[in-house]
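What follows is a set of notes on a single structure, which appears directly below.
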Amino acid sequence: MHLDKFIPIFQDLLQRDEPVFATDTLADMEEWDSLAIMALIAWFDKNCNLHLTFPDCKALRTVADVAALAKIRA
Amino acid sequence: MPDAILSHVRLEAVYAAVPEREICIEDELEHYGGSRKKAERARKIIGTDRRRVALPGLKTSDLCLAAAKRLLDERNVDRASVDALILVTQSPDFELPATACRLQEALGLSRRCAAFDVNQGCSGYVYGLWMAAGLIASGACAKVLLLAGDAAYIPRPITNRIIAPIFGDGGSASLLTREEGLSLAFTLGTDGSGYKHIIIPGGRAALPYRRIFEENKEFFEDIVDASGTAWRLNEVFMNGSAIFDFTLNTIPEHINNVLHRYNLSPENIDWLFLHQANKQIVESIADKVGFAREKAPSVAFSRYGNLSSASIPASLCEHFGQKGNSGGAAMLLCGYGVGLSWASCLVRGQHVACAPVINVPNGEDDTQGAMRYWRNFVQSPV
């Protein structure tokens, strides 16, 4: 999947109205909370067969880091 | 792990009851900083916007009693024929005795009936089925009434947005009887290394209340975590992330093991009734074990919230209640959570009678009256 396609998916998982960019820092997003991480883990599990944990997700810094986990390239 | 087929056991009937009182996220905007957008986001991700809540005065025992009375009456069960009453709950009426003893009397069961409580939560319904079925399969009993449920006797702080929007209150009653040719298959497990992840730390022997109030102050002080959520030592604490990780890592593998053990695949199972932790978890487990989401209902969660050990019975009643019974469907019931613990029960070729979920009006909160009653009783017991 191309990064351009992943960004709107990520935005929807977070239920965030404001635009999302690959360089955005996760910690700066109000919506980057346990609900969002739960939704993200479930999405990766279902769509990428990638089994993330909360600590895995907490270690991520930017939106690009999230995408990189699923080998989503810019 | 216990892994056994218990023979000559029929799951005859399942009834469930919830409080009439419904709370919606819509009513709680102030706890989302007044933001409709934030509340809507919580609704979408959690998968519900409402839950049933027992106000003070309505206990787990009342909800289970309502379900049990209806079951015994509608199924024409001779009360003298019930050999054992098991109550699975984490919210009993008293520190002691077992609430099941009081319910034996309240239900008009025989003095020859064994009655006891079991402390188990989200996996508790299947644990209860396992014990009831074991008693019947061994010949110790011919008829067992299993009650399971929880209602928060310590109110969940409405400001806690991790706990409050998810958990509801509910009770249930199931009847298991002896019948040649029928059986139930069970697989159970425990990982006590995670006991801290859903816990009420204070109040019992590990962190007891003291006689002097001054020594108890810390029980009632807010402890704020990194997300800004406030917790107290005498209330339920939940490490949601650890629970979510446990659920997605352990439960699908457990279900796959059960299917493998009995040479089954998802196509052979009509319905997967999972503990209704939240919609996201139910759907994720279904996806991981290859069940279509339509075969793993989450309607009970959406309507009532997470009902602890009453969630699987409520799900069965929600699904089969109008029709009246399960019609011999092949069903896998799976509970998981606090402990950490998990359990599955395979039900095949059984027509389980189910009734629509019962609504129970809230009782009167009469703590002062109860206090007077017990003071008088202790002064001059009769």
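So that the names make sense, note that chain A is the first sequence line, chain B the second, and so on, each numbered from 1.
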Side chains of B:Lys288 and A:His51: does their closest heavy-atom pair fall under 4.5 Å? yes
What do you reckon, is NZ of B:Lys37 surrounded by more than 12 foreign heavy atoms closer than 6.0 Å? yes
Top residue by heavy-atom pair count (under 4.5 Å) with chain B, among A:Pro55, A:Ser34, A:Ala42, A:Cys57? A:Ala42
Residues 246-253 of chain B, side-chain donor-acceptor partners within the protein, below 3.5 Å, at least two apart:
| from | atom 1 | to | atom 2 | distance (Å) |
| --- | --- | --- | --- | --- |
| B:Thr247 | OG1 | B:Ile243 | O | 2.7 |
| B:Asn249 | ND2 | B:Asp245 | O | 2.9 |
| B:Thr250 | OG1 | B:Phe246 | O | 3.2 |

Inspect the surroundings of CZ in B:Arg261 and state if more than 12 heavy atoms from other residues, nucleotides or ligands are less than 6.0 Å away. yes
Taking A:Lys46 first and then B:Glu283, would you say they form a salt bridge - that is, a charged N and a carboxylate O separated by under 4.0 Å? no
For the candidates A:Ile37, A:Leu13, A:Ile41, which exhibits the highest count of non-hydrogen atom pairs separated by less than 4.5 Å from chain B? A:Ile41
Options A:Asn49, A:Leu52, A:Leu14, ranked by heavy-atom pairs under 4.5 Å with chain B, top entry: A:Leu14
Side chain, backbone, both or neither: which part of B:Ser241 has a non-hydrogen atom closer than 4.5 Å to chain A? both
Using non-hydrogen atoms and a 4.5 Å limit, figure out which bit of A:Glu30 sits close to chain B: side chain, backbone, both or neither. side chain
Greater than 12 external heavy atoms within 6.0 Å of B:Arg293's CZ: yes
What are the two closest heavy atoms between A:Ala39 and B:Ile45, and how far apart are they? CB-CG2, 4.4 Å
Do B:Arg41 side-chain atoms and A:Leu35 backbone N/O form a donor-acceptor pair below 3.5 Å? no
Taking ring pair (Phe, Tyr, Trp, His ring centres under 6.0 Å) as the cut-off, I'd like each qualifying pair that reaches into residues 289-310 of chain B, sequence neighbours left out, listed once. none
